Amino acid sequence: MAAAEGAPVTFHWAFDQTADPPGSLEVLLAAGVDRVLTGGGPGSAWQGRAALETLVLQAAGRLAILAGGSVRAGHVEDLVREVGLQEVRARASAIGGIVRALRGS
């Protein structure tokens, strides 16, 4: 965090390897991390959507949960709506679905 010199910090995929996601999220919050890139565990973000929702609720806006891992146009709208995500990492082919989901249409 010191090396970031105040720049926003995203904790990358290593989060999906933790045995204690809730505890690990609190450690990252205490460290001042701005967002966590995760699929909600092994597999795709769609498969991990229940875990992602738990993390979004726990974070409660204190940091962003950035969902990644096989986010596709066919399910991105449902993923955003069901989980309450504000950010996703996806292929360019999913952009239309992401825009519709974030607009709420």
Side-chain angles (χ1 to χ4, degrees):
M1 292 303 296
E5 298 180 349
V9 172
T10 299
F11 192 84
H12 211 256
W13 293 108
F15 187 83
D16 288 340
Q17 303 304 312
T18 184
D20 179 18
S24 298
L25 187 66
E26 293 301 323
V27 168
L28 295 175
L29 280 160
V33 169
D34 298 285
R35 78 184 28 80
V36 175
L37 173 58
T38 176
S44 70
W46 182 250
Q47 293 166 319
R49 65 190 180 277
L52 288 168
E53 182 177 17
T54 298
L55 292 169
V56 167
L57 291 171
Q58 180 184 349
R62 298 177 292 164
L63 62 67
I65 302 300
L66 171 58
S70 299
V71 174
R72 301 288 187 254
H75 62 253
V76 70
E77 290 179 71
D78 291 333
L79 188 61
V80 168
R81 286 190 184 115
E82 288 179 25
V83 175
L85 295 165
Q86 297 297 312
E87 299 183 14
V88 294
R89 178 181 178 268
R91 294 175 174 210
S93 62
I95 290 175
I98 294 166
V99 170
R100 285 189 299 278
L102 294 176
R103 286 185 181 159
S105 56

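Predicted model, so just to flag it, every value in this text is computed and none were measured.
- The shortest distance between side-chain heavy atoms of Gln86 and Ile65 does not fall below 4.5 Å.
- The two residues Ala4 and Val9 have their closest heavy-atom pair at CB-CG2, 3.5 Å.
- Across Ala45 and Leu52, no two heavy atoms sit closer than the pair O-CD1, 3.6 Å.
- Among residue pairs with one or both ends in residues 27-37, those qualifying as side-chain hydrogen bond (donor to acceptor under 3.5 Å, both in side chains) are Arg35-Glu87; sequence neighbours excluded.
- When side chains are defined from C-beta on, Val36 does not count as touching Leu55, because their heavy atoms never get closer than 4.5 Å.
- Listed by first and then second residue, the ring-ring contact (aromatic ring centres under 6.0 Å, His included) pairs involving residues 18-37 amount to none (not counting sequence neighbours).
- For the ring-ring contact (aromatic ring centres under 6.0 Å, His included) condition, the pairs that include at least one residue of residues 51-76, sequence neighbours left out, are Trp46-His75.
- For Leu29, the side chain to side chain contact (heavy atoms under 4.5 Å, CB included) criterion is met by Leu25, Glu26, Arg62, Leu63, not counting sequence neighbours.
- Side-chain contact between Arg89 and Val71 is absent, with no heavy-atom pair separated by less than 4.5 Å.
- Side-chain polar atoms of Thr18 and Ser24 form a donor-acceptor pair below 3.5 angstrom.
- Grouping Ile, Leu, Val, Met, Phe, Trp and Tyr residues whose side-chain heavy atoms lie under 4.5 Å apart, directly or via other members, places Leu37 in a hydrophobic cluster with Trp13, Leu66.
- Note on Met1 and Val27: separate hydrophobic clusters, where clusters join Ile, Leu, Val, Met, Phe, Trp and Tyr whose side-chain heavy atoms are under 4.5 Å apart, directly or indirectly.
- Not a single side chain to side chain contact (heavy atoms under 4.5 Å, CB included) links Pro42 to another residue, sequence neighbours left out.
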